[in-house]
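Remarks on the structure that follows.
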Protein chains: 2
Amino acid sequence: MDTQVNQPGFAGLRTGDSVETTVHIVGGKWKGVILYHLIEGELRFNQIRRRIPGITQRMLTLQLRDLEKSGVLDRVVYQETPPRVGYRLNALGRTLIPLITMMKEWGDSYRGQLSAEPIQPSVLVE
Amino acid sequence: MDTQVNQPGFAGLRTGDSVETTVHIVGGKWKGVILYHLIEGELRFNQIRRRIPGITQRMLTLQLRDLEKSGVLDRVVYQETPPRVGYRLNALGRTLIPLITMMKEWGDSYRGQLSAEPIQPSVLVE
DNA sequence: CCGTATCCTCTACGATACTG
DNA sequence: CAGTATCGTAGAGGATACGG
């Protein structure tokens, strides 16, 4: 399948689309949350799954593969029985931590904001 | 139509999904870039359009409406002929500036990284 | 335990044409 | 200038079952 555009340069994106580049990597329904949980350290497949209620095995696999391709995380295979696989942010992925953290915090305060004063569409006429 | 879920709380998201909340607002193919350009100040419809090659009128309208609903920008209608409409970040929207800026910068350096050393899938065996 | 393989749905996004 | 209105499509995301 491959839910992600090809590297390098993400064909279709032009110079100046750096914001979109980041969105491609961190965006979508699951990648942000996955990355967020990996901040705490290496996690196994099912550990991630348990931390993200609602995600299916298929989706988790796909998103992890995308993140691997993007080069932000490593997949560690332990040769044991039962099989064990770990996922962890690599050096490049760790540079995402401030961003992910900021997204988490902004989302938190936005939600607080919402319950405090519901948004009313503001169309200003001048 | 409405490409965005309902407020408040973005039905379907549970507590702890703050990262996803943020992704919902700045994510998608265009919202990040739109917000990025609005950092420089109020812009008119066609000014934004010219700054974002490839976006269609329809898409720009839809995304701007979503951002309005999210409560991060104001729409300013000037009663003139020809009609003039401006879009600007409001107080809440301005709190997004550090985030958007960070996304831009991360995207920039990621692209530099790419050309320096292409990503090779790293599956570590231990 | 950690995945793939199918199949299916839904919606984000796009092309194009038209309007106050 | 700043938009709607229609129609069409690709692919993101989901349900379920099976496999090393």
Side-chain angles (χ1 to χ4, degrees), chain A residues 1-6 10-13 17 20 23-34 42-69 75-87 123-126, chain B residues 1-6 10-13 17 20 23-34 42-69 73 75-88 123-126:
Chain A
M1 183 156 287
D2 193 14
T3 70
Q4 183 176 289
V5 281
N6 289 330
F10 298 107
L13 295 185
D17 295 337
E20 292 187 48
V23 170
H24 255 100
I25 293 177
V26 155
K29 189 166 179 183
W30 303 110
K31 295 197 192 120
V33 219
I34 293 174
E42 180 175 322
L43 290 176
R44 307 171 48 177
F45 188 87
N46 279 323
Q47 285 181 313
I48 304 178
R49 191 143 89 104
R50 274 187 293 272
R51 277 169 175 70
I52 309 180
I55 197 171
T56 61
Q57 278 196 345
R58 173 185 142 81
M59 269 302 130
L60 182 52
T61 305
L62 284 176
Q63 304 307 308
L64 287 171
R65 292 293 175 276
D66 271 2
L67 291 169
E68 254 185 283
K69 274 198 203 165
R75 183 161 175 269
V76 195
V77 177
Y78 299 92
Q79 301 285 34
E80 308 170 355
T81 39
R84 227 179 95 213
V85 179
Y87 294 90
V123 183
L124 317 177
V125 180
E126 310 192 345
Chain B
M1 197 145 301
D2 194 14
T3 70
Q4 182 175 290
V5 281
N6 288 330
F10 296 109
L13 296 183
D17 295 338
E20 292 187 47
V23 170
H24 254 101
I25 292 177
V26 306
K29 188 166 179 183
W30 302 111
K31 295 197 193 121
V33 218
I34 294 174
E42 181 175 321
L43 290 175
R44 307 170 48 177
F45 188 87
N46 280 322
Q47 285 182 314
I48 304 178
R49 191 143 89 104
R50 275 187 294 270
R51 277 171 175 70
I52 308 181
I55 196 171
T56 60
Q57 279 196 342
R58 172 186 143 82
M59 270 303 131
L60 182 52
T61 306
L62 284 176
Q63 305 306 309
L64 287 171
R65 293 290 175 278
D66 271 2
L67 291 169
E68 254 186 282
K69 274 197 203 166
L73 58 79
R75 183 163 175 268
V76 195
V77 177
Y78 298 92
Q79 301 285 34
E80 306 170 357
T81 39
R84 229 180 94 214
V85 178
Y87 293 90
R88 62 159 93 117
V123 183
L124 318 176
V125 180
E126 308 191 346

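Values reported hereafter were calculated over all heavy atoms of this structure, with side chains retained and with hydrogens, waters and symmetry mates removed. Protein chains get the first letters and strands the later ones, always in sequence-line order, with residue 1 at the start of each. Every value quoted in this text rests on a predicted model; they were computed, and no experiment measured them.
- Atom-to-atom distance recorded for A:R44:CZ and A:Y78:OH is 9.5 Å, nearest 0.5 angstrom.
- Rounded to whole Å, atom P of C:dA12 lies 15 Å from atom CD1 of B:I55.
- In this structure, B:R49 atom CZ and D:dT4 atom C1' are separated by 14 Å, rounded to whole Å.
- The CD1 atom of B:I48 sits 11 Å away from the C1' atom of D:dA2 (whole-angstrom rounding).
- Residue B:R44 is in sugar-phosphate contact alone, with no base atom involved, counting any heavy-atom pair closer than 4.0 Å across all strands shown.
- The two residues B:H24 and B:K31 come nearest to each other via the heavy atoms O-NZ, 3.6 Å.
- For the pair B:E42 and B:R88, the tightest heavy-atom approach, listed with the atom from each and the gap, is OE1-NE, 3.1 Å.
- To the nearest angstrom, C1' of D:dG20 lies 19 Å from CZ of A:R84.
- Contact annotation: B:Q47 does not reach the phosphate of D:dA2 (side-chain N/O to OP1 or OP2, under 4.0 Å).
- Distance NZ (B:K29) to C1' (D:dG11): 12 Å, rounded to an integer number of Å.
- Mapping B:T61 and B:R50 onto DNA chain D by nearest heavy atom places B:R50 closer to the 5' end of the strand.
- For the pair B:M59/B:I52, no side-chain contact is recorded, criterion being any heavy-atom separation below 4.5 Å from C-beta on.
- Among A:L62, A:L60, A:T61, the one residue that satisfies the side-chain contact (heavy atoms from CB on, under 4.5 Å) test with A:L64 is A:L60.
- Out of C:dC13, D:dC1, C:dT4, the shortest distance to the side chain of B:P82 is found at D:dC1.
- Taking 4.0 angstrom as the limit, B:Y87 places none of its side-chain polar atoms (N or O) nearer than this to OP1 or OP2 of D:dC1.
- When distances are taken from the side chain of B:F45 to each of D:dG13, D:dG3, C:dC2, the shortest belongs to D:dG3.
- Expressed to the nearest 0.5 Å, how far CD1 of A:I55 lies from CD of A:Q63 amounts to 6.5 Å.
- Remark: P of C:dT4 and CG of A:L62 are 8 Å apart, rounded to the nearest angstrom.
- Distance CZ (A:R65) to C1' (C:dT4): 10 Å, rounded to an integer number of Å.
- Between A:R75 and C:dG3 there is a side-chain polar atom (N or O) within less than 4.0 angstrom of OP1 or OP2.
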Checklist entry - Once each nucleotide of nucleotides 15-20 of chain C is scored for protein heavy atoms under 4.0 Å, what B/S/- sequence comes out, 5' to 3'? => result B----B

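- B:F45 places none of its side-chain heavy atoms less than 4.5 Å from the side chain of B:R84.
- Between the CE atom of A:M59 and the P atom of D:dG11 there is a distance of 14 Å, given to the nearest Å.
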